[in-house]
Amino acid sequence: MMMKEMRFFFGMLKEALKIPFRNPNFVVFSFLTSLPLFTFMLINDFIIQQTLIQTAKILTQTLHPNKFFDFDETPLGLIERAIEEVSHKLLLGFIYLGVVHFLDFLNTVAIVDSASIIHKGETPMNLMDMLCRPMKEIRFKGPLITSIYTFILASFVFLGLISLATHVFIFSNEVFFFIFFAALFIALLIKSVEWSAIWNMSIVISVLEEKHGDVALVLSSYHSRGSRQFGSLFMLVFFVWSFALRGSCLYMGWSGGGNGIRITSAYVGLVCLGNTMKWLVFVVYLHNCKNERLERVDPEVGRAAEAVKEGYDQGSSTI
């Protein structure tokens, strides 16, 4: 069963990779739509990188034996000092983060819409058609509402993770509380991966269908029922990809090796590439989930969906 699921997973991944090859104009289109996002992400991530490095250097300071009872040298004191020293950079970073999220939203809507048309084999589009569709055909209100919903939910989860991580650091010398908060952190992190797949699919639903907000979230949960392990696996791969890139970028910035702007530019470029790939995968994932649902209702459609699934499995065997 596990091998079959892995073949199906790689089959959908390969199907997503076929989208740019079916219409090479999509490569140019995704590059152009990602260019504004790349520019502001470069500025924002450079600020965040410097902030994280400065914070890490403060938090990893060795406690002086003669200052053990000095509040400034305790974990709480170090956290307070870190907040004071990087607060101005965090404020600037949050301002750019708002712009980045808006540009990411526009980029997502454009990529999902064009990718879905190419995947379904509808009317062939040239580059000009792809560039004009967001202004003529796409309704932004629904996807924007859903995007706000998912952003709020993701923010609550992120704050929860930050809070638990802070408690893990504070109670690093207390074994019981350290294990307790570390377990809560891992549990919330695992659930956040599953929830992220549902949230991302809800955005795809809002772009392709006239559904938004809580309705899109409920539909996403409904469509992904029975195949959430694939969505969770997709998100886990993308999280590992992003974490590995971020970790490498921070390590090189910490050690002082290489040019900061050059390293950050490479990091942001790879993140944009991964972001585009993520939405291609979720377009294929949504269509597959809907086919699975139809398979249970209409036997004729079910046979067609089974043929598509076999095509995924056969395609993945070549990987």
Side-chain angles (χ1 to χ4, degrees), residues 16-17 19-20 23-52 89-90 92-118 125 127-135 137-152 154-155 158 196 199-204 206-208 234-235 237-239 241-246 248-250 260-283:
L17 287 170
I19 292 177
N23 191 334
N25 291 317
F26 181 79
V27 177
V28 181
F29 171 73
S30 59
F31 172 78
L32 293 176
T33 56
S34 300
L35 202 55
L37 176 63
F38 170 84
T39 303
F40 279 89
M41 275 190 69
L42 179 61
I43 300 173
N44 181 71
D45 276 75
F46 187 76
I47 295 173
I48 292 178
Q49 177 184 333
Q50 298 303 314
T51 303
L52 290 176
K89 291 184 179 179
L90 285 175
L92 183 60
F94 280 127
I95 294 174
Y96 277 104
L97 189 61
V99 179
V100 167
H101 274 289
F102 180 70
L103 293 175
D104 183 40
F105 163 74
L106 297 178
N107 182 56
T108 297
V109 171
I111 286 177
V112 167
D113 179 70
S114 296
S116 179
I117 293 175
I118 297 172
M125 296 187 299
L127 181 59
M128 189 57 65
D129 293 332
M130 294 181 186
L131 292 172
C132 292
R133 271 191 65 83
M135 294 178 288
E137 304 291 338
I138 303 176
R139 296 180 179 179
F140 287 92
K141 181 180 178 181
L144 180 59
I145 294 174
T146 306
S147 180
I148 293 173
Y149 270 64
T150 59
F151 177 75
I152 292 174
S155 297
F158 178 74
S196 296
W199 300 337
N200 284 327
M201 185 186 283
S202 69
I203 294 176
V204 176
S206 293
V207 175
L208 303 181
F234 287 137
M235 289 309 302
V237 170
F238 292 126
F239 278 147
W241 168 264
S242 300
F243 182 79
L245 290 175
R246 169 68 73 183
S248 300
C249 189
L250 287 175
I261 292 293
R262 191 177 302 170
I263 293 172
T264 308
S265 299
Y267 159 74
V268 172
L270 291 173
V271 167
C272 289
L273 177 63
N275 191 54
T276 300
M277 190 63 216
K278 177 183 74 174
W279 293 116
L280 295 183
V281 167
F282 271 94
V283 167

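Worth knowing before you read on, the calculation uses all heavy atoms, side chains too, and leaves out hydrogens, waters and symmetry mates. Everything quoted here is computed from the prediction, not taken from an experiment.
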*Which residue, I19, N275, V112, forms the side-chain contact (heavy atoms from CB on, under 4.5 Å) with L280?*
I19

_Please report the interatomic distance SG(C272) to CG(L37), rounded to the nearest 0.5 Å._
4.5 Å

_Within-4.5 Å side-chain heavy-atom neighbours: L106 and F102_ = yes

*asked:* Using a 3.5 Å distance criterion without hydrogens, assess whether the side chain of T150 forms a donor-acceptor pair with backbone atoms of S147.
replied: yes

*Pairwise side-chain contact, I148 with I152, heavy-atom cut-off 4.5 Å (strictly under)*: yes

*Would you say M130 and I118 make side-chain contact, with heavy atoms under 4.5 Å?*
yes

*Indicate the atoms forming the closest heavy-atom contact of L103 with P36, along with that distance.*
CD1-O, 3.6 Å

*Any donor-acceptor pair under 3.5 Å linking the side chain of S155 with the backbone of F151?*
yes

_Close side-chain approach of T108 and F282, heavy atoms under 4.5 Å_ = no

*asked:* So F26 and I111, do their side chains get closer than 4.5 Å, heavy atoms only?
replied: yes

_Rounded to the nearest 0.5 Å, what separates atom CD1 in I203 from atom CH2 in W279?_
4.0 Å

_Atom CZ of F158 with >12 non-hydrogen neighbours under 6.0 angstrom_ = no

*Can you find a heavy atom in the side chain of V281 that is under 4.5 Å from one in the side chain of V237?*
no

*What are the two closest heavy atoms between S30 and S34, and how far apart are they?*
O-OG, 2.7 Å

*Are F238 and S196 close enough that some pair of their side-chain heavy atoms sits under 4.5 Å apart?*
no

*What are the two closest non-hydrogen atoms of V268 and F38, and how far apart are they?*
CG1-CD1, 3.4 Å

_To the closest 0.5 Å, what do you measure between CZ (F29) and CG (N23)?_
10.5 Å

*So do the side chains of M277 and L17 get within less than 4.5 Å of each other, counting heavy atoms only?*
yes

